[in-house]
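Side chains included, hydrogens not; waters and symmetry mates left out as well; all remaining heavy atoms used.
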Amino acid sequence: MHRFLLTPRWWGINVFVALAVPFCLFMGSWQLGRFEDRVDSHREAGAERPADQVAAPLESLLPVDKTTSGRLAATAGEYGDQLLVPERRLDGRSGFYVLTLLKTDSGKSVPVVRGWLPGVADPAKAPAPPAGRVEVSGALQAAENAGTKGVHSQGGLPAGQLGVISAASLVNIVPYELYDAWLTVQTPSEGMIPVPAQAPTNTGLDLKAFQNLGYTGEWFVFVAFVLFMWFRLYRREVETIRDAEAGLLEPAAR
């Protein structure tokens with residue numbers, strides 16, 4: 001009765017199923033792995049850094065990635081130009097960052113957010129940076145972009161203000177070479193509030209993570225669908241043969 005499985009038609013069906021099932025299982029497992037990677041990245045990004053973490057040299061942590069983002073970085077040099085970063089919220093209040101360019105011993109400068117102050121950005125409120133050579137340590141942060149939450153990317157800011165903290169936005173404002181990263185000091189002085197380190201990009205449980213989870217389900221559903229259709233075709237073929245042997249089919253239909 002099952003000799004029909006050796007016909008060219010069924011050879012094609014069986015080969016298709018034999019290839020489709022492992023392919024769908026592989027793709028489903030791959031998408032599930034992508035989702036788990038995003039969950040792990042989200043957990044690592046949200047984990048608190050040890051309180052006794054030792055600051056590493058700035059250049060040893062560059063370029064900024066998921067591992068180094070938020071790490072304490074240490075460098076030394078002299079403070080230079082100071083800018084204000086307006087419309088930044090902290091603990092539900094609106095205020096501004098006090099950002100000062102630090103010209104390091106390497107010759108490059110790194111933006112240092114020395115703290116946050118409430119209210120409208122006003123240069124008179126921002127404390128002047130320390131004079132002379134200073135040693136600075138702060139949480140390392142990746143450069144911002146127009147898609148970073150909370151940035152002012154529309155332009156039109158007055159002189160002395162910066163909407164996006166990045167080397168690209170600073171290149172036309174300051175005349176020296178810049179690191180494409182920034183530091184946020186965790187122990188600011190002169191009444192300023194420390195700006196907490198932000199989680200690195202692409203580490204949250206965003207839409208892409210749940211898309212991966214949805215695709216996982218789709219691939220496993222495809223496996224079930226392929227097996228169901230094979231069984232349905234097989235059962236119909238067997239029933240047709242049995243009906244023919246029992247004489248229940250018209251001669252023309254055999």
Side-chain angles (χ1 to χ4, degrees), residues 1-50 61-71 89 139-151 153 164 166 168 180-181 196-254:
M1 178 182 295
H2 295 90
R3 284 181 295 176
F4 68 87
L5 293 173
L6 301 178
T7 61
R9 172 173 172 266
W10 273 93
W11 265 106
I13 293 174
N14 292 334
V15 169
F16 172 79
V17 172
L19 295 176
V21 169
F23 175 77
C24 291
L25 290 174
F26 169 78
M27 292 301 297
S29 300
W30 181 76
Q31 290 288 353
L32 181 60
R34 293 283 293 170
F35 173 75
E36 291 175 344
D37 288 343
R38 291 182 182 275
V39 171
D40 291 340
S41 295
H42 175 68
R43 186 180 297 113
E44 291 174 5
E48 294 186 2
R49 302 294 184 183
L61 301 177
L62 297 175
V64 186
D65 56 24
K66 295 177 183 179
T67 303
T68 61
S69 180
R71 286 279 307 277
R89 300 189 67 83
L140 182 65
Q141 298 284 264
E144 296 180 336
N145 56 58
T148 304
K149 184 178 180 181
V151 304
S153 59
V164 180
S166 69
D180 197 22
Q198 301 173 0
T201 58
N202 298 321
T203 57
L205 293 181
D206 55 8
L207 180 60
K208 290 183 179 180
F210 291 103
Q211 283 179 339
N212 292 135
L213 188 61
Y215 293 150
T216 298
E218 288 181 1
W219 284 112
F220 290 143
V221 168
F222 289 158
V223 172
F225 177 76
V226 169
L227 294 176
F228 168 76
M229 290 303 299
W230 182 92
F231 178 75
R232 184 175 180 182
L233 291 173
Y234 165 81
R235 187 176 65 178
R236 188 173 65 178
E237 193 82 24
V238 171
E239 289 175 349
T240 299
I241 293 173
R242 287 176 177 172
D243 290 345
E245 291 176 347
L248 299 177
L249 297 178
E250 297 293 333
R254 296 184 182 180

Requested in this report: Take Leu62 and Val64 through the test side-chain contact (heavy atoms from CB on, under 4.5 Å) and record every step on the way to the result.
Outcome: CA-CA 5 Å; Leu62 297 175; Val64 186; 3.9 Å; yes
Would you give me the side-chain donor-acceptor pairs under 3.5 Å for residues 9-20, sequence neighbours excluded?
residue, atom, partner, partner atom, Å
Arg9, NH1, Glu237, OE1, 3.3
Trp11, NE1, Leu6, O, 3.3
Asn14, OD1, Trp230, NE1, 2.8
Asn14, ND2, Trp10, O, 3.1

Query raised in the report: For Thr216, what residues pass the side-chain hydrogen bond (donor to acceptor under 3.5 Å, both in side chains) criterion, not counting sequence neighbours?
Result: none
Could you measure the distance from the [atom1] atom of [X] to the [atom2] atom of [Y]? Nearest 0.5 Å is fine.
X	Y	atom1	atom2	result
Phe225	Met229	CZ	CE	5.0 Å
Phe222	Leu227	CZ	CG	13.5 Å
Phe35	Asp37	CZ	CG	11.0 Å

Minimum heavy-atom separation for [X] and [Y], please, with both atom names.
X	Y	result
Ala143	Ser166	CB-CB, 3.8 Å
Thr68	Pro63	OG1-O, 3.8 Å
Ser69	Gln198	OG-O, 4.0 Å
Val151	Glu144	CG1-OE1, 3.4 Å
Ala197	Ala139	CB-CB, 3.7 Å
Cys24	Val223	CB-CG2, 3.3 Å

Requested in this report: Could you point out which residue of Gln31, Glu36, Arg34 forms a side chain to side chain donor-acceptor pair (under 3.5 Å) with Asn212?
Outcome: Gln31
Query raised in the report: Val164 versus Thr148: any side-chain heavy-atom pair under 4.5 Å?
Result: no
Report task. Sequence neighbours left out, what passes ring-ring contact (aromatic ring centres under 6.0 Å, His included) with Tyr215? Give chain and number order. Result -> none
Report task. Tell me, please, which residues at least two apart from Arg235 pass side-chain contact (heavy atoms from CB on, under 4.5 Å). Result -> Phe231, Glu239
Query raised in the report: If you look only at pairs with a residue in residues 17-28, which of them pass as a side-chain hydrogen bond (donor to acceptor under 3.5 Å, both in side chains), with sequence neighbours excluded?
Result: none
Query raised in the report: Which residue pairs pass the salt bridge (Lys or Arg N to Asp or Glu O under 4.0 Å) test with at least one member in residues 210-221, sequence neighbours excluded?
Result: none
